[in-house]
Amino acid sequence: MSLPGDHFVVEMAHAASKNELDAVKTSTHVPNGDLYEVHLRQNGADSWLLLWGSFDTIEAARAARNTISATATPGWPRRVAPLQAEARRVSP
(Lines give C-alpha, C1' and ligand atoms only; values in the text may rest on other atoms or scores of the structure.)
Protein backbone atom coordinates (compact mmCIF):
# COMPACT_ATOMS: atom_id res chain seq x y z
CA MET A 1 0.00 0.00 0.00
CA SER A 2 1.36 3.33 -1.00
CA LEU A 3 -0.87 5.40 1.26
CA PRO A 4 0.72 7.67 3.87
CA GLY A 5 1.26 5.69 7.06
CA ASP A 6 -0.32 8.35 9.24
CA HIS A 7 -3.63 8.22 7.32
CA PHE A 8 -6.64 6.10 8.21
CA VAL A 9 -8.86 3.64 6.37
CA VAL A 10 -12.18 2.10 7.34
CA GLU A 11 -12.34 -1.69 7.43
CA MET A 12 -15.40 -2.60 5.38
CA ALA A 13 -15.09 -6.39 5.49
CA HIS A 14 -12.77 -9.26 6.24
CA ALA A 15 -12.70 -12.78 4.85
CA ALA A 16 -10.67 -15.98 5.00
CA SER A 17 -10.05 -16.06 1.23
CA LYS A 18 -9.74 -13.68 -1.70
CA ASN A 19 -12.78 -15.28 -3.34
CA GLU A 20 -14.90 -14.51 -0.27
CA LEU A 21 -13.62 -10.94 -0.25
CA ASP A 22 -14.34 -10.53 -3.97
CA ALA A 23 -17.96 -11.53 -3.36
CA VAL A 24 -18.29 -8.85 -0.67
CA LYS A 25 -16.46 -6.27 -2.76
CA THR A 26 -18.93 -6.48 -5.63
CA SER A 27 -21.78 -5.49 -3.30
CA THR A 28 -19.86 -2.76 -1.44
CA HIS A 29 -20.40 0.81 -2.58
CA VAL A 30 -18.80 3.85 -1.04
CA PRO A 31 -19.72 7.45 -1.87
CA ASN A 32 -16.12 8.53 -2.56
CA GLY A 33 -12.60 7.28 -2.09
CA ASP A 34 -11.03 3.98 -3.05
CA LEU A 35 -11.43 0.39 -1.91
CA TYR A 36 -8.27 -1.56 -1.13
CA GLU A 37 -7.69 -5.29 -0.62
CA VAL A 38 -5.03 -6.29 1.87
CA HIS A 39 -3.80 -9.82 2.49
CA LEU A 40 -2.62 -10.55 6.02
CA ARG A 41 -1.58 -13.61 7.94
CA GLN A 42 -2.99 -13.64 11.48
CA ASN A 43 -2.52 -16.46 13.98
CA GLY A 44 -1.30 -18.74 11.21
CA ALA A 45 -4.35 -18.18 8.98
CA ASP A 46 -4.92 -16.08 5.89
CA SER A 47 -7.04 -13.00 6.31
CA TRP A 48 -8.23 -10.63 3.60
CA LEU A 49 -9.42 -7.11 4.39
CA LEU A 50 -11.48 -4.72 2.31
CA LEU A 51 -10.53 -1.19 3.29
CA TRP A 52 -11.96 2.18 2.29
CA GLY A 53 -10.02 5.40 2.34
CA SER A 54 -7.82 7.15 2.81
CA PHE A 55 -8.65 9.76 5.42
CA ASP A 56 -6.30 12.32 6.96
CA THR A 57 -7.58 11.90 10.52
CA ILE A 58 -9.43 9.36 12.59
CA GLU A 59 -12.25 11.88 12.94
CA ALA A 60 -12.59 12.09 9.15
CA ALA A 61 -12.63 8.28 8.91
CA ARG A 62 -15.33 8.06 11.59
CA ALA A 63 -17.40 10.74 9.89
CA ALA A 64 -17.15 8.92 6.55
CA ARG A 65 -18.11 5.63 8.19
CA ASN A 66 -21.15 7.28 9.72
CA THR A 67 -22.35 8.49 6.31
CA ILE A 68 -22.79 4.92 5.09
CA SER A 69 -23.74 3.10 8.29
CA ALA A 70 -27.41 3.06 7.27
CA THR A 71 -26.65 1.18 4.03
CA ALA A 72 -23.63 -0.92 5.04
CA THR A 73 -22.02 -2.32 8.14
CA PRO A 74 -18.51 -0.88 8.12
CA GLY A 75 -15.99 -1.69 10.78
CA TRP A 76 -13.70 0.66 12.55
CA PRO A 77 -11.11 3.16 11.35
CA ARG A 78 -7.58 1.79 11.25
CA ARG A 79 -4.25 3.57 10.90
CA VAL A 80 -2.51 2.67 7.65
CA ALA A 81 1.06 2.14 8.99
CA PRO A 82 0.32 -0.98 11.10
CA LEU A 83 -1.60 -2.52 8.19
CA GLN A 84 1.34 -1.85 5.88
CA ALA A 85 3.73 -3.49 8.34
CA GLU A 86 1.50 -6.55 8.66
CA ALA A 87 1.03 -6.82 4.89
CA ARG A 88 4.82 -6.69 4.35
CA ARG A 89 5.19 -9.79 6.52
CA VAL A 90 2.96 -11.70 4.10
CA SER A 91 4.50 -10.42 0.86
CA PRO A 92 7.62 -12.17 -0.40
Side-chain angles (χ1 to χ4, degrees):
M1 287 178 36
S2 61
L3 299 175
D6 63 343
H7 279 208
F8 290 83
V9 291
V10 175
E11 183 176 319
M12 299 297 291
H14 64 273
S17 72
K18 181 158 177 20
N19 288 342
E20 287 178 35
L21 193 68
D22 287 343
V24 172
K25 186 177 180 181
T26 60
S27 64
T28 302
H29 303 285
V30 294
N32 56 27
D34 294 315
L35 291 173
Y36 301 95
E37 295 177 7
V38 177
H39 179 211
L40 305 177
R41 189 117 176 108
Q42 299 173 329
N43 299 323
D46 286 323
S47 179
W48 289 84
L49 304 179
L50 183 62
L51 306 170
W52 170 37
S54 81
F55 304 97
D56 294 341
T57 65
I58 193 165
E59 292 81 11
R62 286 178 180 150
R65 176 189 62 188
N66 293 341
T67 66
I68 63 167
S69 62
T71 59
T73 309
W76 60 93
R78 299 183 67 174
R79 187 178 296 273
V80 170
L83 290 167
Q84 290 170 325
E86 189 69 24
R88 283 186 197 107
R89 286 186 270 242
V90 175
S91 299

To the nearest 0.5 Å, tell me how far [X] [atom1] sits from [Y] [atom2].
X	Y	atom1	atom2	answer
I58	F8	CD1	CZ	4.5 Å
N19	W48	CG	CH2	9.5 Å
R79	T57	CZ	OG1	10.0 Å
Q84	R89	CD	CZ	12.0 Å

Give the minimum heavy-atom separation between [X] and [Y], together with the two atoms involved.
X	Y	result
A13	V24	CB-CG1, 3.5 Å
G53	V9	CA-CG1, 4.2 Å
L40	L83	CD2-O, 4.1 Å

Exercise for review: Apply side-chain contact (heavy atoms from CB on, under 4.5 Å) to H7 and D56, showing your working.
Suggested key: CA-CA 5 Å; H7 279 208; D56 294 341; 2.9 Å; yes

Check your understanding: Please, which pairs that meet salt bridge (Lys or Arg N to Asp or Glu O under 4.0 Å) have at least one residue in residues 16-31, sequence neighbours excluded?
Key ->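 For residues 16-31: K18-D22, K18-E37, K25-E37.
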
**Study point:** salt bridge (Lys or Arg N to Asp or Glu O under 4.0 Å): pairs with one or both residues in residues 41-55, sequence neighbours excluded
**Key:**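 Sorted result for residues 41-55: R41-D46.
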
Check your understanding: Between E59 and R62, is there a side-chain N and carboxylate O pair less than 4.0 Å apart?
Key ->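 No, no charged N to carboxylate O under 4.0 Å.
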
